[in-house]
**Q** 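To start, I am sharing the structure in question, which I have written as structure tokens.
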Amino acid sequence: MVKIGIVLGSVRDFRFGEQIAQWVMDYAQTRGDAEFTLIDVKDFDLPFVTDAVPPMQKNKQYEDERVQRWSNAMDELDGYIFITSEYNHGVPGAFKNAVDHLSSEFAGKAVAFIGYASDGAIRAVEQWRTVAGGLSMYDIRPQLTLSLFSDAKDWREFTPAELRSRELVNLVDELVATTTKLRS
């Protein structure tokens with residue numbers, strides 16, 4: 001059975017993404033075709049990337065125990081759902097920094113994107129697709145673009161539109177199928 005990480009990328013104190021990640025996890029736990037784990041970037045307290053040696057040359061061995069823990073968590077997974085907000089029309093800095101710490105941990109694995117912002121984080125997801133390509137990841141086409149106008153109450157409570165559940169099913173179906181193919 002494939003292992004999929006639901007990766008929450010925002011590290012802000014109030015993170016709308018926590019509600020989305022829990023919604024995804026609640027659905028994922030009803031499935032029997034994959035093992036799902038919720039991974040919160042905030043839990044790793046990662047430093048800024050400052051190493052002179054690129055991650056691809058480190059053979060998954062890192063001096064900083066926080067980065068090593070992050071590496072281990074990502075490496076044991078077969079695929080990912082990145083839950084991303086959008087900051088100033090781009091990817092969140094802390095999430096990008098976390099991904100930049102690693103390299104071969106992601107290579108050859110599938111990734112799906114769930115974006116949330118006033119416009120669904122479409123620009124952040126497009127930037128993530130470029131990053132995923134640079135890491136030799138396989139990004140699946142379906143994505144969720146959640147709007148803080150239509151999928152939230154007062155920008156604080158996640159209240160997804162009815163069609164979002166069907167979109168989530170399609171996204172996870174495609175991710176599990178792609179991840180399974182890549183693993184075999």
**Q** Does a donor on one side chain sit under 3.5 Å from an acceptor on the other, for Thr179 and Tyr80?
**A**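 Side-chain D/A pair, Thr179 to Tyr80: absent.
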**Q** Quiz question: by atom type and distance under 3.5 Å, do the side chains of Arg66 and Tyr62 form a donor-acceptor pair?
**A**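 Short answer, no.
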**Q** Do the non-hydrogen side-chain atoms of Val99 and Leu135 ever get within less than 4.5 Å of each other?
**A**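 Yes. Closest side-chain heavy atoms under 4.5 Å.
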**Q** For the pair Phe36 and Val172, evaluate side-chain contact (heavy atoms from CB on, under 4.5 Å) and give the outcome as yes or no after the intermediate values.
**A** CA-CA 11 Å; Phe36 294 86; Val172 177; 3.8 Å; yes
**Q** Output, in order, the C-alpha distance, side-chain angles, deciding distance and verdict of side-chain contact (heavy atoms from CB on, under 4.5 Å) for Phe44 and Val67.
**A** CA-CA 8 Å; Phe44 294 88; Val67 178; over 6 Å; no
**Q** Using 0.5 Å steps for rounding, measure from the NZ atom of Lys96 to the CH2 atom of Trp128.
**A**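 Going from NZ on Lys96 over to CH2 on Trp128, the span is 6.5 Å.
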**Q** Within the structure provided, determine whether Lys58 and Asp51 are in side-chain contact (heavy-atom separation under 4.5 Å).
**A**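 Lys58 reaches Asp51 side chain to side chain.
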**Q** Working to the nearest 0.5 Å, report the span between CG of Asp151 and CD1 of Ile20.
**A**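 Atom-to-atom, Asp151:CG and Ile20:CD1 are 8.0 Å apart.
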**Q** What I'd like to find out is whether the side chain of Val125 reaches to under 4.5 Å of the side chain of Phe82, using heavy atoms alone.
**A**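 They are not in side-chain contact.
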**Q** Please name the pair of heavy atoms, one in Leu46 and one in Ala98, separated by the smallest distance, quoted to 0.1 Å.
**A**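 Looking at all heavy atoms of both residues, the shortest contact is CD1-CB, 3.5 Å.
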**Q** Name the one of Lys181, Arg183, Lys3 that satisfies salt bridge (Lys or Arg N to Asp or Glu O under 4.0 Å) with Asp78?
**A**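 The salt bridge (Lys or Arg N to Asp or Glu O under 4.0 Å) with Asp78 is passed solely by Arg183 among Lys181, Arg183, Lys3.
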**Q** Is the number of heavy atoms from other residues, nucleotides or ligands under 6.0 Å of Phe48 CZ greater than 12?
**A**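 It does not: Phe48 CZ has 12 such atoms or fewer within range.
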**Q** Looking only at non-hydrogen atoms, find the nearest pair between Ala112 and Leu171 and report the distance.
**A**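 So the minimum-distance heavy-atom pair works out to CB-CD2, 3.7 Å.
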**Q** Please tell me if the side chains of Thr30 and Tyr27 come closer than 4.5 Å, counting only heavy atoms from C-beta onward.
**A**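 The answer is yes; the side chains approach within 4.5 Å.
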**Q** side-chain contact (heavy atoms from CB on, under 4.5 Å), that's the test. Do Thr37 and Ile6 meet it? Break it down for me.
**A** CA-CA 6 Å; Thr37 304; Ile6 300 167; over 6 Å; no
**Q** Measuring from atom CZ of Arg156 to atom CD of Gln19, what distance do you get when rounded to the nearest 0.5 angstrom?
**A**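 With rounding to 0.5 Å, CZ (Arg156) is 9.0 Å from CD (Gln19).
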**Q** Side chains of Pro142 and Phe113: does their closest heavy-atom pair fall under 4.5 Å?
**A**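 The answer is no, as the side chains (C-beta and beyond) never meet within the 4.5 Å cut-off.
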**Q** OH of Tyr87 to CZ of Arg123: how many Å apart, nearest 0.5 Å?
**A**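 Between Tyr87 OH and Arg123 CZ, I get 15.0 Å after rounding to 0.5 Å.
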**Q** If hydrophobic residues (ILVMFWY) are linked whenever their side-chain heavy atoms come closer than 4.5 Å, directly or via other members, who joins Leu182 in its cluster?
**A**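 Reading the cluster by chain and number, Leu182 sits alongside Tyr138.
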**Q** Can you confirm whether Glu65 is buried at CD, in the sense that more than 12 heavy atoms of other residues, nucleotides or ligands lie under 6.0 Å from that atom?
**A**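 Open: at most 12 neighbouring heavy atoms sit under 6.0 Å from CD of Glu65.
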**Q** Apply the test side-chain contact (heavy atoms from CB on, under 4.5 Å) to residues Asp119 and Glu86: give CA-CA distance (whole Å), side-chain angles for both, the deciding distance (0.1 Å), then the verdict.
**A** CA-CA 9 Å; Asp119 63 357; Glu86 183 173 287; 3.7 Å; yes
**Q** Listed by chain and number, what are the salt bridge (Lys or Arg N to Asp or Glu O under 4.0 Å) partners of Arg129, not counting sequence neighbours?
**A**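 Scan of Arg129 (salt bridge (Lys or Arg N to Asp or Glu O under 4.0 Å), adjacent residues dropped) gives Glu126, Asp139.
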**Q** Would you mind checking if Asp33 and Arg31 are paired as a salt bridge, meaning a charged N to carboxylate O distance below 4.0 Å?
**A**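 Salt bridge flag = yes for Asp33 with Arg31.
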**Q** Of the non-hydrogen atoms in Glu105 and Lys60, which two are nearest, and what is the gap between them?
**A**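 That would be OE2-CG, 3.5 Å.
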**Q** Judged by modelled atom types alone, do Glu76 and Asn72 share a side-chain donor-acceptor pair under 3.5 Å?
**A**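 No, Asn72 and Glu76 have no side-chain donor paired with an acceptor closer than 3.5 Å.
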**Q** Taking it one step at a time, do Arg69 and Asp45 satisfy salt bridge (charged side-chain N to carboxylate O under 4.0 Å, His left out)?
**A** CA-CA 10 Å; Arg69 215 167 46 84; Asp45 189 32; over 6 Å; no
**Q** Considering only heavy atoms from C-beta outward, does the side chain of Met25 approach that of Leu8 to under 4.5 Å?
**A**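 Not touching, per the 4.5 Å side-chain cut-off.
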**Q** Taking the side chain as everything from C-beta on, heavy atoms only, tell me whether Gln22 gets closer than 4.5 Å to Phe158.
**A**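 They are not in contact (no side-chain heavy atoms under 4.5 Å apart), so the answer is no.
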**Q** Are the side chains of Val24 and Ile114 in contact, using a 4.5 Å heavy-atom criterion?
**A**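 The answer is yes; the side chains approach within 4.5 Å.
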**Q** Any side-chain to backbone donor/acceptor pair from Ser147 onto Ser118? Under 3.5 Å, distance only.
**A**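 Yes.
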**Q** Any cation-pi pair here, Arg15 with Tyr116, using under 6.0 Å and within 45°?
**A**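 Relative to the ring axis of Tyr116, which defines the angle, Arg15 lies outside at least one limit.
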